[in-house]
2 protein chains.
Amino acid sequence: MTSRDDLGQMPGHLIRKLNQRSTAVFTERMKSAPVELTSVQYAALDVLAREPGIDQARLASLIAYDRATIGEVVKRLEKKGLVARQVNEEDRRARTLRLTGEGEVALARVAPIVAALQAEILANLTQAEQAQFLALARKAVGA
Amino acid sequence: MTSRDDLGQMPGHLIRKLNQRSTAVFTERMKSAPVELTSVQYAALDVLAREPGIDQARLASLIAYDRATIGEVVKRLEKKGLVARQVNEEDRRARTLRLTGEGEVALARVAPIVAALQAEILANLTQAEQAQFLALARKAVGA
DNA sequence: AAAATATGATACGTATACTTACCATATTGA
DNA sequence: TCAATATGGTAAGTATACGTATCATATTTT
């Protein structure tokens, strides 16, 4: 048998495990939060707080998701009462998005938890290594 | 408004985008492959080639997934005729897994493509940076 | 050996993620 | 202005991913 590269050393595999760890930490810490949100839902609320009135396509592009996925995410946020959707009268294809009062409160309460949990994702690295890792990750994704 | 940390700089967000890039590259390169596989499906075949006869729980633990997900993945691989499942007579709860002849061929054909695409995931980094990134990623996931 | 516990697999439910196709509405160009 | 094209949103289909519950079978404990 020709010896194949070790799966566990491949970038794709390592990155997947890293992402797995990241979402596991997020979910775990969110359990004790006043409002339970997934990481995508948090990202959506965060962007809407900064840029109220954008539509779904713009939201999707800002957090790097496709339209279909964001449509589902927004639907769930609307159901939870955190986001309001409204037909844009200037372009009747688009739906304007906005945080509700409840959405603002939820975001304010959850934001510190999310900020705090970030370090935990890379807890196996020293401070210097974390900084190094993040710089490389930013470059790798083209930021 | 209290200024929140920038979402785009958070480890969780960067890691997700990295993973997104990784799966996008995988899917793209796989389109021209003789057999179309997802990255999980490839990982499963790779492990089964190395350790034929293991059961689903062991497979799941080796590639760091939960049993439920691997059950679905294996079901699809079986449907494609790449993996054979058999009740383990020593422990009738378990299903022994094995590559079929077709599975062996598929893996052999796809392996070089997968190996080649790995570098592309980190194409924005220099060779030295790639090595550095991988070392940090390995440490971060605890490998 | 019977009871308690553990483990492999599956079923079900929820939430991503992305592709393709389609409809409605805008914009562009001939 | 009318046809061609582009764009926002949704629907449907596929494939992860994981938690929880349940069933079948093993193992351990009493």
Side-chain angles (χ1 to χ4, degrees), chain A residues 12-13 15-28 30-31 36-44 53-80 82-83 85-97, chain B residues 12-13 15-28 30-31 36-44 53-80 82-83 85-97:
Chain A
H13 198 71
I15 289 169
R16 184 184 64 74
K17 290 223 275 195
L18 216 45
N19 193 47
Q20 192 176 37
R21 183 188 169 89
S22 171
T23 59
V25 169
F26 196 100
T27 307
E28 179 58 29
M30 208 46 92
K31 275 181 190 162
E36 269 198 61
L37 296 173
T38 65
S39 66
V40 197
Q41 288 173 6
Y42 174 78
I54 59 175
D55 62 31
Q56 293 183 192
R58 175 114 182 86
L59 173 58
S61 117
L62 284 174
I63 53 182
Y65 282 89
D66 64 301
R67 290 204 310 270
T69 300
I70 284 307
E72 295 295 310
V73 172
V74 168
K75 188 199 286 179
R76 281 186 283 271
L77 287 172
E78 196 183 24
K79 202 169 167 185
K80 284 185 183 178
L82 305 179
V83 162
R85 207 161 16 172
Q86 201 176 1
V87 171
N88 181 349
E89 288 306 329
E90 283 143 41
D91 182 346
R92 301 188 46 78
R93 292 171 306 183
R95 312 301 185 82
T96 286
L97 303 174
Chain B
H13 198 71
I15 289 169
R16 183 183 65 74
K17 290 223 273 197
L18 216 45
N19 194 48
Q20 191 176 37
R21 184 189 168 89
S22 171
T23 59
V25 168
F26 195 101
T27 307
E28 179 58 30
M30 208 46 91
K31 275 182 190 162
E36 268 199 62
L37 295 173
T38 66
S39 65
V40 197
Q41 288 171 6
Y42 175 78
I54 59 175
D55 62 31
Q56 292 184 191
R58 176 113 182 86
L59 173 59
S61 117
L62 283 175
I63 53 182
Y65 281 89
D66 66 301
R67 289 205 309 269
T69 300
I70 284 307
E72 294 295 311
V73 171
V74 168
K75 188 198 287 178
R76 281 185 283 271
L77 287 172
E78 195 182 24
K79 202 169 166 185
K80 284 184 183 179
L82 305 179
V83 162
R85 204 158 21 169
Q86 201 176 1
V87 171
N88 181 348
E89 288 305 328
E90 282 143 43
D91 182 342
R92 301 187 47 77
R93 293 169 304 182
R95 312 300 185 86
T96 286
L97 303 174

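Scope of the values below: all heavy atoms of this structure, side chains included, with no hydrogens, waters or symmetry mates.
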Check: Which residues, if any, of residues 60-73 of chain A bring a heavy atom under 4.0 Å of DNA chain C?
Finding: A:Tyr65, A:Asp66, A:Ala68, A:Thr69, A:Val73

Can you tell me the distance, in whole Å, between the [atom1] atom of [X] and the [atom2] atom of [N]?
X	N	atom1	atom2	result
A:Leu82	C:dA15	CG	P	12 Å
B:Arg92	C:dT10	CZ	C1'	16 Å
B:Met30	C:dT19	CE	P	16 Å
B:Arg16	C:dA17	CZ	C1'	10 Å
B:Arg21	C:dC18	CZ	C1'	17 Å

Can you name the residues that form a salt bridge (Lys or Arg N to Asp or Glu O under 4.0 Å) with [X], not counting sequence neighbours?
X	result
A:Glu36	none
A:Lys31	A:Glu28
A:Arg93	A:Asp91

Checklist line | Bend angle of the helix from C:dA1-D:dT30 to C:dA30-D:dT1, end axes from five pairs each (to 10°) | finding: 10°

Next item on the list: Could you work out which one of C:dC18, C:dT16, C:dA9 sits closest to the side chain of A:Gln41?
Entry: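 My answer, after comparing the listed nucleotides, is C:dT16.
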
Check: Contact class for B:Arg85 vs. all strands (heavy atom < 4.0 Å): base, sugar-phosphate, or nothing?
Finding: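 Touches sugar-phosphate only.
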
Note to self: Please compare B:Asn88 and B:Asn19 by the position of their nearest nucleotide in DNA chain D and report the one closer to 5'.
What the structure shows: B:Asn19

Notebook entry, point to check: For DNA chain D, which nucleotides open and close the run of contacts to chain B, 5' to 3', at under 4.0 angstrom from a non-hydrogen atom?
Noted result: D:dA15 to D:dA26

Partners meeting side chain to side chain donor-acceptor pair (under 3.5 Å) with [X] (sequence neighbours left out):
X	value
A:Glu78	A:Arg85
A:Glu89	A:Arg92
A:Thr69	A:Asp66
B:Lys80	B:Gln41

Next item on the list: Find which nucleotide of DNA chain C each of A:Thr23 and A:Asp91 is nearest to by heavy atoms, and output the residue with the more 5' nucleotide.
Entry: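 The 5'-side residue here is A:Thr23.
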
Next item on the list: Report yes if a side-chain nitrogen or oxygen of A:Arg76 is closer than 4.0 Å to either non-bridging phosphate oxygen (OP1 or OP2) of C:dT16; otherwise report no.
Entry: yes

Note to self: Could you report the tightest heavy-atom contact between B:Gln56 and B:Leu97, atom names first, then the distance?
What the structure shows: CG-CD1, 3.8 Å

Next item on the list: Report the C-alpha distance between A:Val87 and A:Arg95 in whole Å, list the side-chain angles of each, state the deciding distance to 0.1 Å, and finish with yes or no for side-chain contact (heavy atoms from CB on, under 4.5 Å).
Entry: CA-CA 4 Å; A:Val87 171; A:Arg95 312 301 185 82; 4.1 Å; yes

Next item on the list: Would you mind listing every side-chain hydrogen bond (donor to acceptor under 3.5 Å, both in side chains) that reaches into residues 15-27 of chain B, with sequence neighbours excluded?
Entry: A:Tyr65-B:Arg16

Next item on the list: Please list, chain by chain and in numerical order, all residues satisfying side chain to side chain contact (heavy atoms under 4.5 Å, CB included) with B:Arg58, sequence neighbours excluded.
Entry: B:Glu51, B:Ile54, B:Asp55, B:Ser61, B:Leu62

Note to self: Quick check: any donor-acceptor pair below 3.5 Å linking the side-chain of B:Arg93 to the base of C:dT7?
What the structure shows: yes

